[in-house]
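Report on the structure given below.
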Amino acid sequence: MNTTSRVRLISTTALALLGAGLPAQSVFAQSADEPLVLAPVVITATKRPQDDAKLPVATTILDQGNVPPASLDPIADVARQTPGTNFMDFGRFGESYMTMRGLSTLGTAMNSLDSVIGISVDGVPTTLSAIGAPFLDMERVEVLKGPQGTTFGRNAFAGAINVVSRSADGTRETILSSEVGSDGHAFIEGTTGGWLLENVLAGRGTLRFQNFDGDVSNPISGKEEGGAKLGAGKGSLRYTPDDTLTIDITGGFSKETRHNPAFLLLESPDFPQSGADVQPENRQQIANGSIKVAKEFDPFILTSTTSYQDVKLHNSGDFTDAFIFSRVTGLPIFFFNDPDAEKVNFDDRERIFNQEVRLNSHEDSAIQWVVGASYFRSDYKSYRIQDVGAYAPTMNGTFDNRIDSQTVAAFADATAPLGQGFSVSGGLRVAYDRQTLDALYVTNGFPGTLPRFEQDKNFSDTYVTGRLALSYEWNERAMSYVSVARGYSSGGFEKTTAYAAYGVPSEPFLPATSWTYEIGTKAEIADGLHVSGAIFYNDVKDGQLVGFDPITFLPFMTNQNFESYGVEANVGATLADGLDLTVGGALIKSRLVDVTLASQTAGALAGNEVPQVPAFSANVGLSYRFAADAVGLPGEFTVRGSYQYVGTRYPDIQNLTKMDAYHIVNAEIGWEKDNFRIYAFGRNLLDERPLSYAFNYSPLGPTGESGTAAYVGRGRVVGIGTSVRW
């Protein structure tokens, strides 16, 4: 698309969005009946409570109806229901990441902090080591789009996701939920809460156990792959000795074991089918705790949040899938069946400490503001034993690496009315990053590798991020805004020290920076009908890139400029009493620009699409609640259905393999009376395998042919569930 066409697209869309902000009477006729009043949605991710309808940021808000507690892939559910967002699942804990609005890590994540989206739970930041962790006792998920570095800190480059838990507020309730379904799906969860000391000390706790047997056959090992077992718990206390002081203490633990196949032959007639000669094992164990103290004073509210996380990861498996390597080499399948050869074994651990202190205005203040300071520290250790032979020469030996990261920052953000319906908001964050690498490589005897190689290096940077927005309220139910934001993604060291086997030291990759420009509108254009939309443009410098060349079997790392622009929209409507509809979608164009020699050598061309960015994604949800007396039963029936579409996209900067679009259809029908509910569900009813990553192997022998290695998600699961509340 040339510049003229782009301007025309942006101008036309802007007029359409601004039109949505006109008084409701000019778009839809008001009903003469009782109006449908939508409760305001309060966002807390901005470090102070704000009405979403007045916030000059594009958002998506999801609840348990969108992300059911029994989901084994909650972050993927969030991505597919957030227009313009994609989840890239490598199947191994600590390797997955997300993209948003055409912003991506351009390959695979270089370390646990190499994310374009800031992820937090109740405002406490976490890293890619904990991505995919279960959402326990979740109330809602807040997704904020565009750079959010002002309040979220490092690497909220494309946006931020904040999981909000139910608080221990004294509500007395006990909930017991369970599900059973196909492929060994089993889920049981219990939650209880209430006052331990009336109006002074409240408590709340959740326990969850879950199982899935797997749905990927392996004729070589005779075992099913893709299975999962999860045990998790969470507890919280809230101490409120008076009306001005609140102390929240939260702790949690989860342990999950999965058997996800590393990659599968996409051309297999029995796809998905694994050719690994050992069952892969992936484990994630997370222990966390936090203390939040909030004290109200007359001029402001003081909040201190202290948190600690300990994340342990284990990934082991076969590097040479027999079906893939038989196809590309022309050798028989049994040639690659050796349980003692071509294996990888990773044991990673990350300890994360975060301290934040902030002051913010009261909710009724004319000028809303927050100022604060934070300290973040990550101690990441990786111990990897790799024996993959000639298939990847640099991946042979023992790698004992440690990456320590620290960030010290100060931030401020405010919103002030200008009069005549206008408001201005903006913020700045000044931060200092320091990252050190302490690495040791020891050979396993593979020819050409050094016996031993040590590294001790560091990288630091001081930077400023921020945003500025001007908004206009057309009336009490509609607003439009324009904004500009500066994004920053920290530099540092890649965790694998990819060329240590050859004695080549790891050089730090550069920080990525961006400018994001946005025009948006949020409006309730008729009773019960809410719409929002935005157009955006991202200009990225030094995007962080790491990839794998399937021809030379060598990794490569560089920095590469790219840009993206697009339009997204959401509609939420109450069509009738008990009947609700949600629709969302995004169109995105992304491309590499100013292609460097290093990228060009690796096969990238100017104009190539940014990896893992769907050109089009969409979601539709419909729920209906109605009385059961029509069939002679008490209570109510509930029906819920959703459709999620992820369009075609490329996995690499070379744009060698175009991954097909996929569709996810979910449905649920239930009956409930008083505090009891029973339902039947079907998830991924079309049994489509979400394709997360794919790359093409060129023939490795005279009789071989090309083959595509693919990472895929879970298939169809059907079953029944119950929930009892008292």
Could you pull out the closest heavy-atom pair between Leu103 and Phe157, with the gap in Å?
CD1-O, 3.8 Å
Which heavy-atom pair separates Val124 from Ser290 by the least distance, and what is that distance?
CG2-CB, 4.4 Å
Output all residues satisfying side-chain contact (heavy atoms from CB on, under 4.5 Å) with [X], sequence neighbours left out; order by chain, then residue number.
X: Pro83; value: Thr60, Lys145, Glu568, Asn570, Ala586, Asn619
X: Tyr432; value: Arg434, Ser460, Thr462
X: Tyr239; value: Val200, Leu201, Pro241, Ile247
X: Val180; value: Ile720

Output the distance between atom [atom1] ([X]) and atom [atom2] ([Y]), rounded to the nearest 0.5 Å.
X: Ile117; Y: Thr99; atom1: CD1; atom2: OG1; answer: 6.5 Å
X: Asp348; Y: Tyr383; atom1: CG; atom2: OH; answer: 12.5 Å
X: Glu473; Y: Tyr481; atom1: CD; atom2: OH; answer: 14.0 Å
X: Lys47; Y: Asn360; atom1: NZ; atom2: CG; answer: 10.5 Å

Quick one: side chains of residues 292-308, donor-acceptor pairs under 3.5 Å with protein atoms, not counting sequence neighbours, listed by atom name and distance.
residue	atom	partner	partner atom	Å
Lys295	NZ	Thr244	OG1	2.7
Ser304	OG	Gln355	NE2	3.1
Thr306	OG1	Gln355	OE1	2.4

Any side-chain donor paired with an acceptor under 3.5 Å for [X] and [Y]?
X: Asp413; Y: Thr151; value: no
X: Thr206; Y: Glu189; value: no
X: Ser642; Y: Arg80; value: no

Would Thr59 and Glu142 count as a side chain to side chain donor-acceptor pair (under 3.5 Å) if you check the C-alpha gap in whole Å, the side-chain angles of each, and the deciding distance to 0.1 Å?
CA-CA 7 Å; Thr59 60; Glu142 303 170 347; over 6 Å; no
How about [X] and [Y]: do any of their side-chain heavy atoms sit closer than 4.5 Å?
X: Ile352; Y: Phe376; answer: yes
X: Lys522; Y: Leu55; answer: yes
X: Ser425; Y: Pro56; answer: yes
X: Phe135; Y: Ser71; answer: no
X: Phe209; Y: Lys229; answer: no
X: Val724; Y: Thr174; answer: no
X: Met98; Y: Ile131; answer: yes
X: Arg683; Y: His185; answer: yes

When you measure from the side chain of [X] to the backbone N and O of [Y], does any donor-acceptor pair fall under 3.5 Å?
X: Gln81; Y: Ala79; value: no
X: His314; Y: Phe346; value: yes
X: Asn282; Y: Asn260; value: yes
X: Gln435; Y: Phe493; value: yes
X: Arg486; Y: Thr465; value: no
X: Glu179; Y: Ala70; value: no
X: Gln284; Y: Ser254; value: no
X: Gln64; Y: Pro69; value: no
X: Glu139; Y: Val163; value: no

Could you go through Thr722 and Ser178, starting from their C-alpha distance and side-chain angles, then the distance that decides it, and tell me whether this counts as side chain to side chain donor-acceptor pair (under 3.5 Å)?
CA-CA 6 Å; Thr722 61; Ser178 63; 3.1 Å; yes
Would [X] and [Y] pass as an ion pair if we require N to O under 4.0 Å?
X: Arg625; Y: Glu672; answer: yes
X: Lys495; Y: Asp114; answer: no
X: Arg140; Y: Asp63; answer: no

Could you work out, with salt bridge (charged side-chain N to carboxylate O under 4.0 Å, His left out) as the rule, every residue matching [X], not counting sequence neighbours?
X: Asp169; value: none
X: Asp347; value: none
X: Arg204; value: Asp137, Glu173
X: Asp433; value: Arg154

Please determine whether side chain to side chain donor-acceptor pair (under 3.5 Å) holds for the pair Ser177 and Arg677, giving the CA-CA distance in whole Å, both sets of side-chain angles, and the decisive distance to 0.1 Å.
CA-CA 9 Å; Ser177 304; Arg677 181 170 183 258; over 6 Å; no
Got a sec: does the [atom1] of [X] have more than 12 other heavy atoms crowding it under 6.0 Å?
X: Asp243; atom1: CG; value: no
X: Glu476; atom1: CD; value: no
X: Lys54; atom1: NZ; value: yes

Side chain to side chain contact (heavy atoms under 4.5 Å, CB included), paired with Thr250, selected from Ser165, Ser236, Ser167:
Ser236
Is there a side chain to side chain donor-acceptor pair (under 3.5 Å) between Asp89 and Ser96 once you walk through the steps?
CA-CA 5 Å; Asp89 188 356; Ser96 302; 3.2 Å; yes
Which residue pairs pass the ring-ring contact (aromatic ring centres under 6.0 Å, His included) test with at least one member in residues 71-95, sequence neighbours excluded?
Phe90-Tyr693, Phe90-Tyr711
Among all residues two or more places apart in sequence or in another chain, which pass the ring pair (Phe, Tyr, Trp, His ring centres under 6.0 Å) test with Tyr97?
none
For Tyr463, the ring pair (Phe, Tyr, Trp, His ring centres under 6.0 Å) test, sequence neighbours excluded, returns Tyr488
Determine, step by step, whether Asp73 and Arg258 satisfy the salt bridge (Lys or Arg N to Asp or Glu O under 4.0 Å) criterion, reporting the C-alpha distance in whole Å, the side-chain angles of both residues, the deciding distance to 0.1 Å, and the verdict.
CA-CA 12 Å; Asp73 307 295; Arg258 298 196 179 195; 3.4 Å; yes
Using the rule given for salt bridge (Lys or Arg N to Asp or Glu O under 4.0 Å), can you reason through Asp674 versus Arg725, listing the C-alpha separation, both sets of side-chain angles and the distance that settles it, and then say yes or no?
CA-CA 9 Å; Asp674 299 328; Arg725 181 191 302 263; over 6 Å; no
